[in-house]
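Numbers restart at 1 for each chain; the letters A, B, ... are given by sequence-line order, proteins then strands.
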Amino acid sequence: MANLKKLIIEPLRKTNPVTVLVLGICSCLAVTAQLKPALVMGLSVTVVTALSNFIISLLRKGIPNRIRIIVQLVVVATLVILIDQFLKAFAYDVSKQLSVYVGLIITNCIIMGRLEAFALSHGPGESFLDGLGNGLGYSLILVIVAFFRELFGSGTLLGYQVIPQSFYEAGYQNNGLMILPPMALIVVGVIIWIQRTRNPEMQENNQN
Amino acid sequence: MEFFRLFIKSVFIDNMIFAYFLGMCSYLAVSKTVKTSAGLGLAVTFVLVVTVPVNYLINKYLLLPGALSWISPKLASVDLSFLTYILFIAIIAAIVQILEMVIETFTPSLYSALGIFLPLIAVNCAILGCSLFMQERNFSNVGEAAVFGLGSGIGWLLAIVAIAAIREKLRYSKVPKGLQGVGISFIITGLMGIAFMAFMGIKI
């Protein structure tokens, strides 16, 4: 039981897919200008990672080794199509905001990475939990980045104004730079910095 | 002239890395030396120039609403656009596989230069992303799609070679412990992105 719990908890901190393994950065940066698309994206990736891990793990004994990449891509692409159609039907405005990045879940390295590294060698139940944990680890970073970018960039959270009007009257201004793409990179860089300063064993040696 | 504008725009203004963050995973993982990153950049450019026009044709004659009417007028009401993702990724994987075989047979020297990167490219988000952007932007002919692919590829090449050159020099500088490696690469990419935003106002 402790082992199963570990599968979910570890990716949130010690083996976080974004800040430690540096996978799935592309979409993580692009959708984080606001909190709402970031939440939806995180949720979608979690669902796809968990389910694709589960399905590939069920099929793992029947897939010939040579064509496994194609099989994995087909399974993931099918799940992403389902997510895409679902978002278009029930959350059209968010799906417009996410635009091509929903489709890019297919090539998100986290999913392929977990399929290759975990699902091909473990049972369906464990794989499902592993996918869930990694998806949640990804979502966690997404939400942290989006929180800071929306708060400082537009003074709102989930679209509601958080910074009181009196601040603006006293001369406070939104930091327009936070909404621009480059700031996403710098925010993630700072998160990595903080995390690695607190856990010295994760630090990389520059000299190699 | 139209082609030239589109080319400049896709290299500098709509740069894959700095404006859309596509292909970041391999961009961060492979950019340790200039030589390997130039190899990967070339391979990506190569694959983009082939896949974007092919996917353009697939999109135009197979997927768009009414696209099937060239087979028979009865099929004009069919809309297959929900199949976009699965078809695009299948086409990309197939083309990468074919390219690998062709390059291996005819130019072994290029193959040994690109070899290890080619199979990885099928899951590089820059490739699929470029095709999806092509679909979103409704280019009017195959030529434009090809130029867009070429420009995006060269923009990506430029970005990865630039960061690799900076990282090579970075070895001799004193970076705070926690920032070493990936952390500082993120921040440098952010700063480069800010520099690239200077191109945004240019009208061509």
Taking all heavy atoms of B/Phe133 and all of A/Tyr101, pick out the closest pair and write down the distance. CZ-OH, 4.5 Å

Under a 4.5 Å heavy-atom cut-off, does chain A meet the side chain of B/Ala90, its backbone, both or neither? neither

In terms of heavy-atom proximity below 4.5 Å to chain A, should B/Phe196 be classed as side chain, backbone, both, or neither? neither

Please report the closest heavy-atom contact between B/Gly190 and A/Ile186, naming both atoms and the distance. CA-CG1, 4.0 Å

Just how far is it from atom CG of A/Leu104 to atom CD1 of B/Ile89, taken to the nearest 0.5 Å? 9.0 Å

Taking only distance into account, with no hydrogens and no angle test, what donor-acceptor pairs under 3.5 Å do side-chain atoms of residues 45-52 of chain B form with protein atoms, sequence neighbours excluded?
residue: B/Thr45; atom: OG1; partner: B/Gly41; partner atom: O; Å: 2.7
residue: B/Thr45; atom: OG1; partner: B/Gly153; partner atom: O; Å: 3.3
residue: B/Thr51; atom: OG1; partner: B/Val47; partner atom: O; Å: 2.9

Value rounded to 0.5 Å, distance of OG1 in B/Thr189 from CG in A/Leu185: 5.5 Å

Let me know which of B/Ile92, B/Ile86, B/Leu128 forms a side-chain contact (heavy atoms from CB on, under 4.5 Å) with A/Ile106. B/Leu128

For B/Met197, give me all partners under side-chain contact (heavy atoms from CB on, under 4.5 Å), at least two apart in sequence or on another chain. A/Leu180, A/Pro182, B/Met200

Interatomic distance, A/Ile191 atom CD1 to B/Phe186 atom CZ [nearest 0.5 angstrom]: 9.5 Å

So, for B/Ala93 and A/Leu73, which heavy atoms are closest and what is the spacing to 0.1 Å? CB-CD1, 4.2 Å

Measure distances from B/Tyr85 to the heavy atoms of chain A and classify the residue's part below 4.5 Å as side chain, backbone, both or neither. both

Close contacts, residues 76-89 of chain A versus chain B, judged by heavy atoms under 4.5 Å: A/Ala77, A/Thr78, A/Val80, A/Ile81, A/Asp84, A/Gln85

Restricting to ring pair (Phe, Tyr, Trp, His ring centres under 6.0 Å), what partner residues turn up for B/Phe7, sequence neighbours left out? none

